[in-house]
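Step one of this worksheet: look at the structure below.
Below, all heavy atoms of this structure are taken into account, side chains as well, without hydrogens, waters or symmetry copies. Atoms within a ligand are numbered from 1 in the order they appear, just like the ligands themselves. Everything quoted here is computed from the prediction, not taken from an experiment.
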Amino acid sequence: MNYGYFDDEHREYVITDPRTPVKWINYIGTLAFGGFVDQTGGALLCKGDPALNRIVKYIPQLPDADFKGTTLYLRFPEGEGYRVFSPFYTPTLDPYERYECRVGLGYTRIVSEFYGLRTEATFFVPAGGTQELRDVRITNLREEVVTVDAIPVVEYTHPDALKQFTNADWIPQTMQSRAVTEEDGRLVLLQYPFMFKELKVNYLTADQPIASFESDRARFLGRYGTWAAPQALQQPRLSNYEALRGDNVGALLLALGTLEPGESRRFITQLGQAPSLEAARPDIERYRDPAKVEAALAELGHFWEGYLSRMQVVTPEAALDAMLNVHNPRQVYITMNWSRYLSLYQLGLGARGIGFRDSSQDVMGVVGNAPEEARALIEQLLHVQRRDGSAMHQFNPLTMEATRGEADDEERPPFYGDDHLWIVLAVTAYLKETGDLAFLDRVIPFYEKDQQGKPLEAGTVREHLERALTFTRTHVGAHGLPLLGFADWNDTVNLRKGAESLFNAHLYGKALLELMALAAHLGETETVARYRKQYAEMAERVNAQAWDGEWYVRYFDATGEPIGSHTNSEGQIYCNGQSWPVIAGFAPRERALAALEAVHARLNTANGIKLSAPGYDGFDPDKGGVTTYPPGAKENGGIFLHSNPWVVIAETLMGRGDRAYEYYRQINPATRNDRIEEFEVEPYVYPQNILGDEHPQFGLGRNSWLTGTASWAYQAGTRYILGLRPTYDGLEIDPCIPAAWEGFRARRTFRGAVYEIEVRNPEHICKGVRSLLVDGERVEGNVVPSFGDGETHRVSVVLGGG
Ligand code: GLC
């Protein structure tokens, strides 16, 4: 059973049945202006911030058949009235002859046939644009003429998206619409809350005359009317009413006229936001010209081509290539853009904002393909780091106001134990990719401000990183291990003050390794020695106290009891507890292997590796969030995909390419395409979670798109399995692949040069570079120097023992 297929040639996924188990979406535009569109033409759009400046009302919790945000109706005369239907299937649900939704790079195209009318509609936001364009062509496939009207419709929300739902008097009293007609019959329908009418207006317009319009939902639907059968569409004309209050919509009636058999009509709609109509005019005029709309779509294509072309691979596995060449880097870019702010599952209401740890990890995935954007995001993140080195947990991108997240809770420590450490990994990933060491000297303020809003202190990027390490080093508990804080990476284990986290210890170890490599590259011998000592101290504490006999424990609670130990009855073993001591290099080889064996024996399933086992079976306020889920769901013994690539990476560090790839492959969503009924979510992106085998619905995926899985799966695939790893000295080539592979090829842009890499595996081993030729010349070791000469260099690698 499937709902579509991968069209690799066009870099699209094609949905061929609109009735997917849940909505499947795509993203258009960016956080600056954009949002998502679903496979039935619904869209959620915002400008700058989904919580504070949302444009369209899209309520994911309503049934999938409902109207969501926007749609297009078509109608033709039938009997006494009209046959009214949506070529996007919802909300009218008419029978269709053909349905195709092409999920493309930054655009979605729906091609459908209903009642002998073909609709081809492309939705996108031009690069840097502040409007959604819908380029629509209607073709008459019938043998007789037909007269067609097209009615694009949008339902607006108040920009304060949460208020829209919490106050049903103030909101409707403020929402207003105004129509501005032009001499040639064209029209712009403006919409705004009263208080913003001089500041920012939403506009809906088309490239051709508007026969009539509506801006009030009650008038459009009619009394007790529904979106499936709006009563106004049975009248020849809409009422041309400019809403003074109430539920505002924008509906434009475009009389397309009479189409001969085979004849087409095209129209282009724009939905945007600007400070005023005057300010929007140039854009409105530009995108009334179809040639300019086509040029904008082509430009968007160039952006994606440039972004993806920096890393392309050919391996023996088609499903791996499809993910690494298109879908995974696209998802990395989207998560980098939206953090965990706006999706079908993360609704962008209230204070969620951009997550500090989330975005730090997103940077690591995007840095090879979009280094400039990665740096910009790093800078933004460093602005919300505190003077003591810890970080604010999340912030609002429009106001840069940050919060402590859930840690604003009296009962629990007021900081997250891991946030600040992630930025060390993000910054060093950026430095290794670009060689831009001057970035370390850039001065960036810390978060705390005086009464005038001026930062109290600023420091260089290097200083920010130092303080991050100092915070962890000086916030330790009874075992000398880092305090958990409100939570570490696992948001849902919230223990009482004094609890310690092994994850924080490992992440600190990894951060030290990264800074050691940096200091060594800078020739700072004393600093290297200082880091090495701090590293050895933490490794010692971990190994002396957290080894449980078979695996590493995950936490010590405030009373000193271990969590994630065989002595516990639930939550005996945690996945991150095992992968991270390997990534940090803390685990001696034997322990590393034993810990990874324990993961395989106790946590692995056919759908991925569980986060912990067995699940907690009942709410326990002493453990917090994790026990709010039934066993097998989310962090409570579910398959929390984000942590799977960490096991993949750990396996490659141990040289076990077969197992690493097996773990990688089993979570590749593309491999689920033909058994999607169980998984339900989009096969072209990673979801955050899949129900684990303790849950009756084992295999069900949820929370697709915005997840750290994207960044880490991409890093695991490109940097650890294929082993193309930027270092300060050049591009290290250190594959760890399935022994059966003959090899693979890759094309990688690195510091201004292009590397055509061919890896051969004649002895069928997993890991070990025997020889390296760069442009035909033998190079010792396995690091390709950086050339920065804009040229293409041939790199031939042979794997082999000895
Ligand atoms: C969510 C959060 C992320 C956290 C993870 C595990 O994905 O966005 O920050 O690490 O859950 O709890």
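Between Gln715 and Ser711, the side chains place a donor N or O and an acceptor N or O closer than 3.5 Å (distance only, hydrogens not considered). Judged purely by distance below 3.5 Å, without hydrogens or angles, the side chains of Glu373 and Tyr333 pair a donor atom with an acceptor atom. A side-chain donor from one of Ser390 and Asp388 sits under 3.5 Å from a side-chain acceptor of the other. At a cut-off of 3.5 Å, with distance as the only test, a side-chain donor of Asn673 or Tyr13 sits close to an acceptor on the other residue.
Using a 4.0 Å cut-off between a side-chain N of Lys or Arg and a carboxylate O of Asp or Glu, Arg404 and Asp419 do not qualify as a salt bridge.
At least one N or O atom of Arg357, backbone or side chain, sits closer than 3.5 Å to an N or O atom of ligand 1.
Counting protein heavy atoms only, atom 2 (C) of ligand 1 is closest to Asp491 OD2, 3.4 Å. For atom 3 (C) of ligand 1, the closest non-hydrogen atom of the protein is Asp358 OD1, 3.2 Å. Annotation: atom 1 (C) of ligand 1 to nearest protein heavy atom, Gln688 NE2, 3.5 Å. Considering only non-hydrogen protein atoms, atom 10 (O) of ligand 1 sits nearest to Trp489 O, 2.6 Å. Of all protein heavy atoms, the one closest to atom 11 (O) of ligand 1 is Phe640 CZ, 3.4 Å.
Within the 4.0 Å heavy-atom criterion, the part of Glu635 lying near ligand 1 is the side chain and not the backbone.
Just one residue in the list Ile649, Val647, Leu513, Asn576 forms a side-chain contact (heavy atoms from CB on, under 4.5 Å) with Ile583, and that residue is Ile649.
Residue contact check for ligand 1: Thr707 places no non-hydrogen atom closer than 4.0 Å to it.
Using a 4.0 Å cut-off to heavy atoms of Asn490, the atoms of ligand 1 that qualify are 12 (O). Atoms of ligand 1 lying under 4.0 Å from any heavy atom of Arg340, numbered from 1 in the order shown and given with element: 8 (O).
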Output, in order, the C-alpha distance, side-chain angles, deciding distance and verdict of side chain to side chain donor-acceptor pair (under 3.5 Å) for Asn607 and Thr605.
CA-CA 5 Å; Asn607 285 310; Thr605 76; 5.1 Å; no
